[in-house]
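Single-structure report; data block below.
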Amino acid sequence: MREFRAICAALGALMLAAAAFAEAETGDGGARGRQLFALCTQCHGVDGGGRREYQAPAIAGLPQWYVSGQLEMFRSGLRGQHFDDAEGMRMRPMSLALASDADLQAVSAHTASLPLVPQASTLPGNAAVGSAYYGPCIGCHGLQGEGREPLFAPPLVGQSDWYLLSAMQKYKAGARGYGLRGGDHPPALAQRAALAQGMAGFSQVLASEQAILDVIAYILSLEPSAGGGE
Amino acid sequence: MIEYWLQAASTYAGDIDFVIELVAVIVGFWFFLTVGIFFWLIFAHRVSRSPRAEYLTGDEEQPKKFITWAHMLVLVCDVFIVWAAVQVWYEVKQELPLENGGQPQVVRVISQQWAWSFVHPGADGVLDTADDIRSVDELHIEVNRLYHYELSSKDVLHSFSVPVFRLKQDAIPGRVIRGWFEATQTGSYDIQCAEICGIGHALMPARIVIETPEQHAAWLAGHSPTQLAAR
């Protein structure tokens, strides 16, 4: 009987220690974040560096506020629910697989904790010409493309060029940043949708495909900063 | 009977339910008869009442007659099942009926991992014109009106399934598959993918919204790109 009590006490202590450990881990999403991230790796790669064959961008090292915000946008249909956004439509069900806000935050935190994965240049573009086109981007994305949380503008540095091109094409075509479309959403989400709609407007500044390629070449020439985003 | 558990909302849903019920009744009859005989034999020939088991070689006709007659009756039942199934298959899958006095409405159904998108003809009733309405995860149709659909896939195999229509049609990349349906009651119902299509397969639902002619006209007017642009 004494041995039984000792075993029970040891098991109880072990469970308490495990719970405390899990609690302490929440900075990087903890075990739950790692577990949920396994779903992301199917398309975004094991290191979160993105996979072009799936048109899945690099997500490793993106700020938590941006990842969680985009997941909320996908979940609510403010992104990934446009006829011309096949990749977004693929992502939206994945966001719906996150059962709770806690899960959404955990996987976002884990994604943010991953190191940036270097992206190779794959598109032609003139960075010198693109530096002039980058002017209007500075207000939201920052001088070094580091991103700004208050404007919900993500870091651009560290992202692959093919994804930046695809995103710009979608903004220009209205497949991203299509606004609320009459839906009723919480103010925070509505604000993000409005900012995305603003980005769709800014994308029209780049009139030609070559201008987009040039500005992307300039973004790729910028040095990534640690942390990403303000 | 199936309608008791799952609503039927298309002109051919009842026919398909009939085939399923016919199969269930015939197979059910033989199943319970076989199991009943099996247990009766176990009971009737239990060790305490029976002599030593006898091995039948099949050379004599008399012991085989119970098996032969049963097989013949099963074959007769099969004829009924095949007759009913082929008739419904022909009506639903082989025939592409035309609407009385004109062409039916055509909608485009596009499947992809893991979403459905649709192209509806606008007020002109013709696809590939400026007033086409494109939507994601929501198909709007009119009740009591014949529709043809053009089903395609952007990537892998999917299956366009509308349970209340009893409709299930595979979508095959590179092919446009045509079919038809005619809704018999208004409401909003599930569209599902019925073919495993990747990790997000279970998260690929959409809705079919069946509207009265007035409701549908109002929806068309409210979503027509040409009318929206004119505002």
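In the text below, chain A, chain B and the rest are named by the order of the sequence lines, each starting its count at 1.
- For the residue pair A:Asp214/A:Gln210, the side-chain donor-acceptor check at 3.5 Å is satisfied.
- With a 6.0 Å radius and a threshold of 12 heavy atoms from other residues, nucleotides or ligands, A:Phe202 has its CZ atom at or below the threshold.
- Note that the OG atom of A:Ser203 and the CD1 atom of A:Ile212 stand 7.5 Å from one another [nearest 0.5 Å].
- Residue A:Ile59 holds its CD1 atom at 7.5 Å from CG of A:Leu114, rounded to the nearest 0.5 Å.
- The minimum heavy-atom distance between A:Ser160 and A:Gln119, with the atom names listed, is CB-OE1, 3.3 Å.
- One distance of note links CE of A:Met73 with CG of A:Leu189; it measures 7.5 Å at 0.5 Å rounding.
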Between chain A and chain B: donor-acceptor pairs at under 3.5 Å:
unit_1	atom_1	unit_2	atom_2	d
A:Asp84	OD1	B:Arg134	NH1	3.1
A:Asp84	OD2	B:Arg134	NH2	2.7
A:Ala86	O	B:Gln112	NE2	2.8

